[in-house]
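Okay, structure first, notes after.
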Amino acid sequence: MAPQEPAWWQREIIYQIYPRSFQDSDGDGVGDLPGIIQRLEYLAETLGVDAIWLSPFYPSPMADFGYDISNYVDVDPLFGTLETFDELVREAHARNLKVIIDFVPNHSSEQHPWFLESRSSRDNAKRDWYTWADAKPDGSTPNNWLGMFGGSAWTWDEATGQYYFHSYLKEEPDLNWRNPEVKEAMFDVMRFWLERGVDGFRIDAVLHIMKDPALRDNPVNPGERIVLGNPPLPEYDAQLHLHDQAHSDIHGIFREMRHLLDSYGEERSRMCIGELDIFEWPTWASYYGAALDELHMPFNFGLLRVPWTAQAVRGVVDALEAALPPEAWPNFVLGNHDVSRIASRVGNAQARVAMMLLLTLRGTPTLYYGDEIGMIDVPITPDQILDPLQQWAPELGRDPARTPMQWDSGPNAQFCLPGATPWLPIAEDYRRVNVAAEREDPRSMLVLTQALIAARRASPALFGGAYRSMDNVPPACLVYVRETKDERRVIALNFSSTDQTVALPELGRGRITMSTVLDRREPVNLAKLHLHPNEGCLVTVALV
Ligand code: NOJ
């Protein structure tokens, strides 16, 4: 079978927007959809990304900042209206930006009318839309399943005398996808947004939608602690999550979702990328589907918590490449709204190396807002904590990576009006680290990111070519080749703060077209490539 032409989501770069934090247009200190519309030009023209993914903007009590949804088919007034959403899609498409939205199928808000009905009585028609179970004879929970945000995953409902299940907060009861009415209602939600023109979905907590119907206990994790999250969740990770998620029936649901998406427009024109936290690559790869008929891509979180060494990073990329079914398309990400920012995890100098890595690997890159200017985690004082996870365990909190985008050096970094109070504090470094200042600085992180995006777009080897990593390089370096039959790029990354020399005579001669410090463009013989501390180089090799 001839290989298919790449779909848009295989060639393009996705940019994640956390709507609360991108741009406030109405002075309430919370970002909104009109604010995003104002910034589309920045995304399309200045930065040059191709698609935006919007974290949830739906009506929500905001117990989990929008992942607790009380109406799947509307916009929270905090962010705008359905009309604003339509305008956003129109404006984005006019700039050739695709729009991906967050779809949260696993749970609703406890305030969703479906759950209000479900909990109203045991014989309500929607009782079975959620997972209810009796207490054990001693009154304890039906099994040992745990919530990812701490404590039992079961909450007792006094009025109806049963427990309900929630994979996350008790304010986020899990829907029962084994009930065909639920499945159809959620597929209708997908249809609703597809008909409004969205190009794809990032599907939240996608593995959680199918659990063991017999509700068997999870076994204790006997061996090495398997760290599922970043940062780790010690109590949760002490169990093997064999029964509370990822039941094998999930593959059937994914195939149905895929069929639904493929029925809109041309095949593969609408996509889905599923959020799952798996680092065992063959299992991870199984969610593409045996016939590549399930998720277009399972999100790959390998770079989010790999120890930041050349060998460990190579290990992740190579293992993932080896596990991929033929024709399955990989993806990479350095950050998101749930983890510490890359510049805080690895430092500013290595964040530049990381950006070169992200934008030169084989696979769709997703860029987290603000990483392109080197934003760091912002310290949150105890009285500023908003994230429910952080309230429960301060060291796990996600507020530091969700702070307002830094647009310029004026009041409130131009995220919101001068008199407004931003919902989370703005980084102290914003007068220096911001879009306007970095646009003027020829060696800024923003200029590096722009240059890498432009280089990727212009090079079939970078956006679509093969990948192979090189042996016989210094342990502190990762060197890989991206190539098509017509062009070859070599990427050499120094993960250390000392000088390194790479000697790969077999790769021939070429030209350094970009370094992460943006200070080198020169001919090079790969028999002796000198790398400065914390430097990455992109080399164009002449093919003879
Ligand atoms: C994963 C989301 O990324 C996270 O922010 C959220 O809290 C949980 N899923 C629950 O929806």
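Numbering of ligands and ligand atoms starts at 1, following listing order.
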Ligand-side contact atoms (ligand 1) for residue partner His337, heavy atom cut-off under 4.0 Å: 2 (C), 3 (O), 4 (C), 5 (O)
Structural part of Phe149 in contact with ligand 1, heavy atom criterion under 4.0 angstrom: side chain
For atom 8 (C) of ligand 1, closest protein heavy-atom neighbour: Tyr168 CE2, 3.7 Å
Over all atoms of both residues, closest heavy-atom pair of Leu304 and Val333: CD2-O, 3.9 Å
Residue part near ligand 1, for Arg402, under 4.0 Å between non-hydrogen atoms: side chain
Atoms of ligand 1 close to His107 [distance to a heavy atom under 4.0 angstrom, numbered from 1]: 10 (C), 11 (O)
Mode of His208 contact toward ligand 1 - side chain, backbone, both, neither (heavy atoms, under 4.0 Å): neither
Cation-pi, Trp8 ring and Arg268 (6.0 angstrom, 45 degrees): no
Atom 9 (N) of ligand 1: nearest protein contact (heavy atom, Å): Asp204 OD1, 2.9 Å
Side chain, backbone, both or neither: Arg398 near ligand 1, heavy atoms under 4.0 Å: side chain
Side chain Asp68, main chain Gly66, donor-acceptor under 3.5 Å: yes
Option whose closest heavy atom lies nearest to atom 3 (O) of ligand 1, chosen from Asp387, Asp338, Asp64, Val104: Asp338
Main-chain N/O of Ser269 paired to Trp9 side chain as donor or acceptor, under 3.5 Å: no
Stacked cation flag Arg305 on Phe279, 6.0 angstrom / 45 deg: yes
Sidechain-backbone polar pair: Asp199 side chain, Ile100 backbone, donor-acceptor under 3.5 Å: no
Test item: Trp423 side-chain N/O and Arg20 main-chain N/O as donor-acceptor pair under 3.5 Å: yes
